[in-house]
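Values in this document were obtained by computation on a predicted structure and should not be read as measured data.
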Amino acid sequence: MKTSIEPLVDAPPADPAALPQEWAEWSEEPGQRVSIEDDGRVVGMLHVTVVGPAEGWLEGLWVQPAARGRGVGRRLVQEAEDLLHRCGVGTVRTAIPSRDYTALAVAEHAGFSRCTETNVLVADIEAGPIDIAYDAQVRPAEPPESSAILRVLGASPLVGAWRGLVPLGWRFRALQPELVKGLINDGRVVRSGESVEGVAAFAVHGPAAVIFFLEGPRGHHEALFGAVAEHARGGGASRIALFTPEPGPPSGIRANFTPHAWCPDGLVIVEKSLSVARTVKRR
């Protein structure tokens, strides 16, 4: 069997169940595809992405049904981990739907352990005026406010529930000053309050706006959400997706959210230390 590594192109996964339909739209970083061929035919593939200075992400593991039981999946994961290790990555993570018990068992057998959990909720952006409370003082964040935004997020139950990680698209990574500054520079953060009291980070990906995190006083939730919805609708989006550690949206938001069809019971984020794995392997 032959292994190949190539840039990840904007194409659907080989198995629709391996990734959510919007995986390409919501991707924040370019990735690579690791493939294994047998006699000129692809029998397995896996996506691998560097998401931070020392963090990597795996997704979309697929093995052709006729090739299962031959170690193809194990070899794909090993090749992907070797690639990440050469890039200086020390920790690798992946997301698995909570009810995919087989995939969770495979991940545990491969040395991954539970890190955190999240829910992914979706709602249509309703027609008509969007209510944004004036006294919440919501506006786009500015670069000098990045330290204040980090303080709000660093002290928030939201990021605490995610063990210091935040999502961008389907991928989680450590909350870092450079990440917040980049989001602000891209115009993807709104803040509320006379000082910085609440914050929401988002992106508009085609027909959907994705809110990565929304934190602040309860009375500011609706205003922050409304500001994102207004921006999203102006960009042509018709629905909003929201990542949250709770089963429902933050209190005060009146949109009709439902669980995402790919992970109706939420996602489990699992992680593995590549440096520990290699120390054990050498022994």
Side-chain angles (χ1 to χ4, degrees), residues 26 28 118-169 172-257:
W26 294 13
E28 292 286 326
T118 191
N119 292 281
V120 187
L121 309 176
V122 292
D124 292 332
I125 300 176
E126 296 182 0
I130 295 175
D131 183 27
I132 305 176
Y134 176 77
D135 58 1
Q137 301 184 45
V138 178
R139 61 170 173 79
E142 299 177 355
E145 296 174 316
S146 63
S147 295
I149 289 171
L150 274 167
R151 284 195 295 272
V152 170
L153 293 176
S156 78
L158 173 74
V159 178
W162 283 332
R163 293 186 56 193
L165 303 176
V166 290
L168 256 67
F172 276 67
R173 77 286 319 277
L175 180 64
Q176 299 285 351
E178 295 75 14
L179 175 62
V180 172
K181 290 177 182 177
L183 290 170
I184 292 173
N185 289 334
D186 290 344
R188 300 198 291 170
V189 179
V190 291
R191 40 81 76 213
S192 64
E194 186 173 346
S195 58
V196 177
E197 299 174 45
V199 59
F202 66 95
V204 178
H205 293 300
V210 185
I211 298 179
F212 307 129
F213 49 82
L214 189 157
E215 182 57 273
R218 176 176 177 175
H220 292 201
H221 288 171
E222 182 72 17
L224 288 163
F225 179 78
V228 174
E230 187 175 64
H231 180 91
R233 195 162 67 182
S238 59
R239 66 181 186 275
I240 286 186
L242 172 68
F243 284 78
T244 170
E246 302 297 329
S251 59
I253 295 179
R254 295 190 292 269
N256 185 24
F257 278 100

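With sequence neighbours excluded, the residues that form a ring-ring contact (aromatic ring centres under 6.0 Å, His included) with Phe172 are Trp162. Partners of Phe212 under the ring-ring contact (aromatic ring centres under 6.0 Å, His included) rule, at least two apart in sequence or in another chain, do not exist in this structure. Annotation: side-chain contact (heavy atoms from CB on, under 4.5 Å) contacts of Arg239 (sequence neighbours excluded): Glu22, Asp124, Pro207, Ala208. The side-chain hydrogen bond (donor to acceptor under 3.5 Å, both in side chains) check on Arg233 picks up nothing, with sequence neighbours excluded. In this view, Val122 and Ala241, Thr258, His260 satisfy the side-chain contact (heavy atoms from CB on, under 4.5 Å) rule, not counting sequence neighbours. Listed by chain and residue number, Arg139, Arg191 satisfy the salt bridge (charged side-chain N to carboxylate O under 4.0 Å, His left out) test with Glu145 (two or more places apart in sequence, or in another chain).
One N or O on the side chain of Glu222 and one on the backbone of Arg254 form a donor-acceptor pair closer than 3.5 Å. A side-chain donor-acceptor contact under 3.5 Å links His221 to the backbone of Ser251.
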**Message:** Please determine whether side chain to side chain contact (heavy atoms under 4.5 Å, CB included) holds for the pair Leu168 and Arg188, giving the CA-CA distance in whole Å, both sets of side-chain angles, and the decisive distance to 0.1 Å.
**Reply:** CA-CA 11 Å; Leu168 256 67; Arg188 300 198 291 170; 4.3 Å; yes
**Message:** Leu224 vs Val228, test: side chain to side chain contact (heavy atoms under 4.5 Å, CB included). Steps then yes/no.
**Reply:** CA-CA 6 Å; Leu224 288 163; Val228 174; 5.8 Å; no
**Request:** Step by step, work out the side chain to side chain contact (heavy atoms under 4.5 Å, CB included) result for Leu179 and Val166.
**Result:** CA-CA 10 Å; Leu179 175 62; Val166 290; 3.6 Å; yes
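Pairing each heavy atom of Phe202 with each of His231, the nearest pair is CE1-CD2, 3.4 Å. Between Val138 and Ala227, the shortest heavy-atom distance links the atoms CG1-CB, 3.6 Å. When all heavy atoms of Ala237 and Ala209 are compared, the pair lying nearest together is CB-N, 4.0 Å. Nearest heavy atom pair, residue Pro247 against residue Leu121, reads O-CD2, 3.7 Å. Across all non-hydrogen atoms, the minimal contact from Glu197 to Pro217 is O-CD, 3.3 Å. Here the closest heavy-atom approach between residue Ile149 and residue Ala141 is recorded as CD1-CB, 3.7 Å.
For the atom pair OG1 of Thr118 and CD of Glu246, the computed distance is 10.0 Å after rounding to the nearest 0.5 Å. Remark: Lys181 NZ to Leu150 CG distance equals 8.5 Å, nearest 0.5 Å. Summarising the geometry, atom CZ belonging to Phe213 is positioned 6.0 Å from atom CG belonging to Leu183; distances are rounded to the nearest 0.5 Å. Considering CG of Leu214 and CZ of Phe243, their distance stands at 14.0 Å, rounded to 0.5 Å.
At most 12 non-hydrogen atoms from other residues, nucleotides or ligands lie less than 6.0 angstrom from CD of Glu126. Summarising the local packing, CG of Asn256 is surrounded by 12 or fewer heavy atoms from other residues, nucleotides or ligands at distances under 6.0 Å.
Using a 4.5 Å heavy-atom cutoff, the side chains of Val180 and Val189 are not in contact. Side-chain contact between Leu242 and Pro250 is present, with at least one heavy-atom pair separated by less than 4.5 Å. When side chains are defined from C-beta on, Pro143 counts as touching Asn185, because their heavy atoms get closer than 4.5 Å.
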